[in-house]
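These notes concern the structure reproduced below.
Here the structure is a predicted model, which is why all the values come from computation and not from measurement. When a residue number appears, it is its place in the shown sequence, counting from 1.
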Amino acid sequence: MNESKDTYKTILEPSEEVLFKEKNSKFFGYAFPILNEEDVKVHLEQLKKQHFSARHWCYAYQIGTEKITFRANDDGEPNNSAGMPIYGQIQSFEVTNILIVVVRYFGGVKLGVGGLISAYKTAAQMSLENAQIIEKTIDVNFQLTFDYKNMNKVMRVIKEKNLEIVYQKMEMNCELIISTRKKNAETTFDIFSNLFEIKIEKVD
């Protein structure tokens, strides 16, 4: 991702099930929005219960915007014949924070590696075409620490700059976590750094 880009694409909600058939084999495709690897496990367990008599549950996922984590799993199919074709579609649609699972029921006729690549790719493509792709902003969070007497000063900037408050603790010592779009992060940091008696630091 280039430095100036502060948006990314993902899907709004799980896609409806799609079905692709090839020589009696059935390929069911699913796309899920995810935030971490725990989500991946949950969806896979669910699909394994739903399709307990299937032969393969192949998948690929990608998480992150600037630091990317991805994995492609062939689940017993020949090497790189399932997971990577699925992951290729994630790249092709330029989406992240997404899991695509293709469940295969073997129909008795071997498809060969080329046939498998094509089938898994198509099922993944169909599930993405069936999903609602949305654009989200990459946000940066900062923690502000200050005395209560400086509250008005801080709140004025938050209002002017239209910043989102993610967390707040209002006591004698106040603590706020604010969120802003990546492209505004530097300006936001500078404004608060230059305010007297306000401490600002970036939080992950």
Side-chain angles (χ1 to χ4, degrees), residues 1-3 5-139 182 204:
M1 277 207 166
N2 64 34
E3 272 309 299
K5 194 163 163 46
D6 77 339
T7 56
Y8 65 94
K9 288 194 291 189
T10 188
I11 61 172
L12 182 62
E13 55 195 5
S15 65
E16 296 281 316
E17 172 185 286
V18 294
L19 170 61
F20 175 71
K21 291 180 184 168
E22 183 67 39
K23 293 182 180 164
N24 299 339
S25 271
K26 287 181 184 169
F27 297 84
F28 289 93
Y30 302 88
F32 301 98
I34 56 167
L35 291 174
N36 50 46
E37 289 173 14
E38 201 45 52
D39 291 347
V40 174
K41 285 184 199 148
V42 170
H43 291 306
L44 281 170
E45 279 168 19
Q46 231 169 340
L47 286 175
K48 284 184 178 181
K49 281 182 194 154
Q50 192 181 329
H51 293 283
F52 59 89
S53 58
R55 181 73 66 89
H56 304 279
W57 297 266
C58 305
Y59 65 89
Y61 66 78
Q62 179 170 301
I63 301 166
T65 50
E66 281 137 314
K67 280 190 282 197
I68 299 289
T69 307
F70 77 92
R71 181 155 183 228
N73 188 318
D74 296 314
D75 193 36
E77 292 283 32
N79 220 1
N80 293 332
S81 68
M84 281 318 278
I86 296 171
Y87 185 59
Q89 290 306 300
I90 290 177
Q91 289 176 304
S92 162
F93 279 77
E94 298 180 334
V95 282
T96 193
N97 293 350
I98 189 168
L99 162 70
I100 296 180
V101 186
V102 178
V103 180
R104 180 189 181 196
Y105 287 85
F106 182 55
V109 181
K110 289 206 159 130
L111 301 183
V113 171
L116 287 173
I117 289 173
S118 173
Y120 280 105
K121 177 189 164 190
T122 305
Q125 183 185 342
M126 284 165 65
S127 60
L128 274 165
E129 283 168 352
N130 209 17
Q132 190 181 345
I133 294 173
I134 54 168
E135 194 167 66
K136 287 186 160 187
T137 55
I138 299 171
D139 296 327
K182 185 184 161 191
D204 288 329

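Distance alone, capped at 3.5 Å, places no donor-acceptor pair between the Asp6 side chain and the Ile138 backbone. Side-chain atoms of Thr96 come within 3.5 Å of backbone N or O of Gly64 as a donor-acceptor pair. A donor-acceptor pair is defined here as one N or O able to donate and one able to accept, closer than 3.5 Å; no such pair exists between the side chain of Ser118 and the backbone of Gly114. Using modelled atom types, no side-chain atom of Thr7 and backbone atom of Glu135 make a donor-acceptor pair closer than 3.5 Å. For the pair Ser127 (side chain) and Ala124 (backbone), a donor-acceptor distance under 3.5 Å is present.
Annotation: side chain of Lys182 is not in contact with side chain of Thr137 (no heavy-atom distance under 4.5 Å). The side-chain heavy atoms of Tyr8 and Thr10, taken from C-beta on, include a pair separated by under 4.5 Å. At a threshold of 4.5 Å between non-hydrogen side-chain atoms, the residues Phe32 and Pro14 count as touching. You'll find the side chain of Val101 stays beyond 4.5 Å of the side chain of His43, heavy atoms only. Ser25 places a side-chain heavy atom less than 4.5 Å from the side chain of Arg104. Here the side chains of Ile63 and Leu35 are not in contact, with every heavy-atom distance at 4.5 Å or above.
Ala60 and Gly83 get closest at one heavy-atom pair: CB-O, 3.6 Å. For the pair Tyr30 and His51, the tightest heavy-atom approach, listed with the atom from each and the gap, is OH-NE2, 2.6 Å. Of all non-hydrogen atoms in Met84 and Asp74, the two that sit nearest each other are N-OD1, 4.3 Å. Ile117 and Pro85 make their closest contact through O-CB, 3.7 Å (heavy atoms, listed as atom of the first residue, atom of the second, distance).
Scanning for side-chain hydrogen bond (donor to acceptor under 3.5 Å, both in side chains) contacts around Asn24 gives an empty result, with sequence neighbours left out.
For the pair Arg71 and Glu37, the salt-bridge criterion is not met [side-chain N within less than 4.0 Å of a carboxylate O]. Salt-bridge formation is detected for the pair Lys41/Glu38: a Lys NZ or Arg NE/NH1/NH2 atom is positioned less than 4.0 Å from an Asp or Glu carboxylate oxygen.
Interatomic distance, CG of Asn97 versus CG of Asp39, reported as 9.5 Å (0.5 Å rounding). A distance of 7.0 Å separates NE2 of His56 from CG of Asp75, quoted to the nearest 0.5 Å. Ile11 CD1 to Ile34 CD1: the interatomic distance, rounded to the nearest 0.5 Å, is 9.5 Å. A distance of 7.5 Å separates CD1 of Ile86 from CD1 of Ile100, quoted to the nearest 0.5 Å. The structure places OH of Tyr61 at 9.5 Å from CG of Asn73, a figure rounded to the nearest 0.5 Å. Taking CD1 of Ile90 as the start and NZ of Lys9 as the end, the distance is 13.5 Å to the nearest 0.5 Å.
A perpendicular orientation is assigned to the rings of Tyr120 and Phe27, their planes being inclined by more than 60° (bins at 30° and 60°).
Sparse packing is recorded around NZ of Lys21, with 12 or fewer heavy atoms of other residues, nucleotides or ligands lying under 6.0 Å away. Within a 6.0 Å sphere centred on CD of Gln91, heavy atoms belonging to other residues, nucleotides or ligands number more than 12.
Between the side chains of Gln46 and Gln50, not a single donor N or O lies within less than 3.5 Å of an accepting N or O.
Taking the ring centroids of Phe28 and Tyr105, they lie under the 6.0 Å cut-off.
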